[in-house]
Amino acid sequence: MATLAPDIMLTPAAAARVAAIAGKQNKPAILRLSVDGGGCSGFQYKFGFADAPEGDDTVAETDGVRLVVDSVSLDLVRGCQVDYVESLGGAAFRVENPNAASGCGCGSSFAI
């Protein structure tokens, strides 16, 4: 069963962007964050849309939009905040991860 916990957070800016994308694609406003091995720093973040939370997911909700993380990935991103930032260099979802000892310049991979 999915658990609702403060272990992860979705900012209002990220929630608004997820809602906009989900609305255009006729999908539920559920963003899945997972961690895979690889990337230039050892682990990389992976984002995708989910139809529903899985049984072992942790769920954070902001403005009616849910962020879900599986139990294995949660150990690597516990306490993180997912934000959406726009700058002259582009726009992207950004993970602020207090567990990361280092990261890469693009912000999509990290090391523990």
Side-chain angles (χ1 to χ4, degrees):
M1 171 169 222
T3 58
L4 189 60
D7 291 330
I8 54 175
M9 185 182 146
L10 187 66
T11 67
R17 185 64 180 150
V18 170
I21 294 170
K24 288 180 183 178
Q25 296 182 0
N26 291 322
K27 296 206 175 251
I30 303 172
L31 181 66
R32 176 169 295 284
L33 168 62
S34 58
V35 176
D36 287 338
C40 51
S41 294
F43 295 102
Q44 60 187 1
Y45 302 112
K46 183 177 173 186
F47 290 102
F49 282 93
D51 292 324
E54 300 289 327
D56 69 338
D57 284 343
T58 294
V59 180
E61 189 167 328
T62 302
D63 300 333
V65 176
R66 291 183 280 178
L67 171 66
V68 296
V69 178
D70 64 89
S71 61
V72 174
S73 297
L74 183 62
D75 287 339
L76 298 169
V77 296
R78 188 178 311 278
C80 81
Q81 173 176 288
V82 176
D83 196 8
Y84 181 74
V85 294
E86 294 183 28
S87 68
L88 291 175
F93 288 101
R94 183 137 340 234
V95 179
E96 295 175 22
N97 188 345
N99 304 308
S102 64
C104 65
C106 66
S108 64
S109 67
F110 66 101
I112 300 276

### Summary
side chain to side chain donor-acceptor pair (under 3.5 Å) filter on Thr62, not counting sequence neighbours, yields none
### Message
The test is side chain to side chain contact (heavy atoms under 4.5 Å, CB included); show your working for Cys80 and Val69 and say whether it passes.
### Response
CA-CA 11 Å; Cys80 81; Val69 178; over 6 Å; no
### Query
What are the two closest heavy atoms between Ser34 and Asp70, and how far apart are they?
CB-OD2, 3.8 Å
### Message
Can you give me the closest heavy-atom contact between Ile30 and Asp51, atom names plus distance?
### Response
CD1-O, 3.7 Å
### Message
With a 4.0 Å cut-off on N to O distance, would you call Asp7 and Arg78 a salt bridge?
### Response
yes
### Task
Go through the steps to decide whether Phe47 and Val18 satisfy the test side chain to side chain contact (heavy atoms under 4.5 Å, CB included), and finish with yes or no.
CA-CA 11 Å; Phe47 290 102; Val18 170; over 6 Å; no
### Message
Applying a strict under-4.5 Å side-chain criterion to I, L, V, M, F, W and Y, I'd like to know whether Leu76 and Phe93 cluster together.
### Response
yes
#### Entry: Distance, nearest 0.5 Å, that separates CG of Leu67 from OG1 of Thr11
10.0 Å
### Message
Do Ile21 and Val95 land in one hydrophobic cluster if side-chain heavy atoms of ILVMFWY residues count as linked below 4.5 Å?
### Response
yes
### Task
Could you grab the distance from atom CD1 of Ile8 to atom CD of Gln81, nearest 0.5 Å is fine?
11.5 Å
### Task
Sequence neighbours left out, what pairs pass salt bridge (charged side-chain N to carboxylate O under 4.0 Å, His left out) with at least one residue falling in residues 10-32?
Arg32-Asp57
### Query
Ala22 and Ala29: which non-hydrogen atoms are nearest, and at how many Å?
CB-CA, 3.8 Å
### Task
Following the transitive rule for hydrophobic clusters with a side-chain heavy-atom cut-off under 4.5 Å over Ile, Leu, Val, Met, Phe, Trp and Tyr, establish whether Tyr84 and Val65 coincide in one cluster.
yes
### Task
Begin from the C-alpha positions of Asn97 and Tyr45 and carry the test side chain to side chain contact (heavy atoms under 4.5 Å, CB included) through to its verdict.
CA-CA 11 Å; Asn97 188 345; Tyr45 302 112; 3.2 Å; yes
